Amino acid sequence: MPSLSEAFRAHPVYLHHKNPDFPSLQELPDSYAWTHLDDDDNHTAAVVDGVPPVIDLDDPNATTLIGHACKTWGVFQVVNHGVATGLLNDIESAGKSLFSLPTHQKLMAARSPDGVSGYGLARISSFFPKLMWSEGFTVVGSPLHHFRQLWPHDYTKYCNVVVEYEEAMKKLAQKLTWLVLASLGISNQDIHWAGPEDDGLKGACAALQLNSYPTCPDPDRAMGLAAHTDSTILTILYQNAISGLQVLKEGTGWVTVPPVPGGLVVNLGDLLHILSNGLYPSVMHRVLVNRTRQRLSVAYLYGPPASVKISPHPKVVGPSRPPLYRPVTWHEYLGTKAKHFNEALSCVRLCAPKNAMFAEGNDSHGHKNNNSVQVG
Ligand SMILES: C=C1C[C@]23C[C@@]1(O)CC[C@H]2[C@@]12CCC[C@@](C)(C(=O)O1)[C@H]2[C@@H]3C(=O)O
Ligand SMILES: O=C(O)CCC(=O)C(=O)O
Ligand SMILES: [Fe+2]
């Protein structure tokens, strides 16, 4: 059975630049200077009344609120999520400790071109002419081997934090997935790769991505992480108190997702976009940097077992709503993403029949969609 780690073997990423020592850079090197030609927008976030909703998971209306947020934003924040504050602090400290190690030490745990785990520049860097002002560390499976290189004495402590964090995230991701599916009218009986609700989503896969955005001498011309969607069902993101994450809202532009104390951000990914037949579009997001404060984030990228085929669910397709995407496994989709990046969804899209009888609009991917169905 293919695993997430194998998905990139066929599409190695060779980044032909040295990992930078950010603190030593007093000026923005040209290789990091983005202009409007490199991005489809400048750095100004739209002035909007709204920000993505903050949803209390103890609210009896949580399912309806989540359904509405998925349809209109593709992102929301959750509070009362059950993840202990101490654990959030611990993972933040682990990230801070990791990224403040000397460059040569971090490079001992470097991600190989055809691998998924380890330290390095953003994997998506190869799709852009300019470099991003960030560094990352990806964990898929056990972090033991890499953590031994990073912290020869303290690796057990950090491994335990990661294992505990992944367990808590898995539980929350399962709960959120059931809530999102319930808002579409899909129950635990309807998902063949999932066990009974209290048994969890059997064999689901995940990756943990720690990101650091160092202080930047010229933040208006730099980009922390370029615009992308995640390939996941959903991603749970912990961000420290420093803002930087922005989401692209259809008809509005880039909107900042402000850090909420104790809150976790939930992004919808491409596999949910496919499963919901475009009703819940995956959200385009990016990260900006700042001059004075280091930003840290930890993304838990959650998806189905790597070899389960995901396709538009029968509950959301019908004669007037034909399936818009062909079945695809996460493993296969990661390969498509590694090759075609933000065009990956289009690559698995089926041709829309000429006589499709539904009102169409454009989602943030520029695809035709039908948002006229009542959900929640
Ligand atoms: C499971 C995964 C999703 C991801 C690729 C990965 O193997 C681990 C890193 C993830 C990440 C994080 C930054 C953005 C992204 C597009 C990337 O290049 O690496 C995502 C990948 C994804 O969601 O496709
Ligand atoms: O740092 C952030 O806020 C976002 C990180 C992200 O998008 C990712 O890791 O996929
Ligand atoms: Fe992301």
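Owing to the predicted nature of the structure, the values given are computational and were not obtained by experimental measurement.
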Any chain of hydrophobic side-chain contacts (each under 4.5 Å) joining V265 to V283?
yes
Scan the side chains in residues 310-318 for donor-acceptor partners under 3.5 Å anywhere in the protein, sequence neighbours excluded, and list what turns up.
residue, atom, partner, partner atom, Å
H313, ND1, K315, N, 3.0
H313, NE2, D190, O, 2.7
K315, NZ, D190, OD2, 2.8

What about F128 and L28, same hydrophobic cluster or not, with Ile/Leu/Val/Met/Phe/Trp/Tyr joined at side-chain heavy-atom distances under 4.5 Å?
yes
Flag for T229-D270: side-chain donor and acceptor within less than 3.5 Å:
yes
Contact list for residues 95-127, test ring-ring contact (aromatic ring centres under 6.0 Å, His included), sequence neighbours left out:
F127-F341
Same cluster (ILVMFWY, side-chain, under 4.5 Å), I274 and V180
yes
Only one of F22, W34, Y213 forms a ring-ring contact (aromatic ring centres under 6.0 Å, His included) with W133, so which one is it?
F22
Atom pair CG/OG of L98 and S212 - distance to nearest 0.5 Å
9.0 Å
State which residues pass ring pair (Phe, Tyr, Trp, His ring centres under 6.0 Å) with Y238; sequence neighbours excluded, sorted by chain then number.
none
Flag for S297-Q239: side-chain donor and acceptor within less than 3.5 Å:
no
Do S117 side-chain atoms and V140 backbone N/O form a donor-acceptor pair below 3.5 Å?
yes
N/O donor-acceptor pairs under 3.5 Å from side chains in residues 147-158, not counting sequence neighbours:
residue, atom, partner, partner atom, Å
W151, NE1, S97, OG, 3.1
Y158, OH, S97, OG, 3.1

So do the side chains of D21 and L25 get within less than 4.5 Å of each other, counting heavy atoms only?
no
With sequence neighbours left out, the residues meeting salt bridge (charged side-chain N to carboxylate O under 4.0 Å, His left out) with D30 are K130
Side-chain contact, heavy-atom cut-off 4.5 Å: Y165 with D90?
no
Set of residues satisfying salt bridge (charged side-chain N to carboxylate O under 4.0 Å, His left out) with respect to K96, sequence neighbours excluded
E92
Look only at the side chain of H146 and the backbone of R111, and say whether a donor-acceptor pair between them is shorter than 3.5 Å.
no
Side-chain (S134) to main-chain (G224) donor-acceptor, under 3.5 angstrom
yes
Drop me the distance from L245's CG to T256's OG1, to the nearest 0.5 angstrom.
8.0 Å
Going only through I, L, V, M, F, W and Y residues with side-chain contacts under 4.5 Å, is there a path from I191 to L184?
yes
For A227, does its backbone N or O pair with a side-chain atom of N342 as donor and acceptor, under 3.5 Å?
yes
Under a 4.5 Å side-chain heavy-atom rule over Ile, Leu, Val, Met, Phe, Trp and Tyr, are Y300 and L87 clustered together?
yes
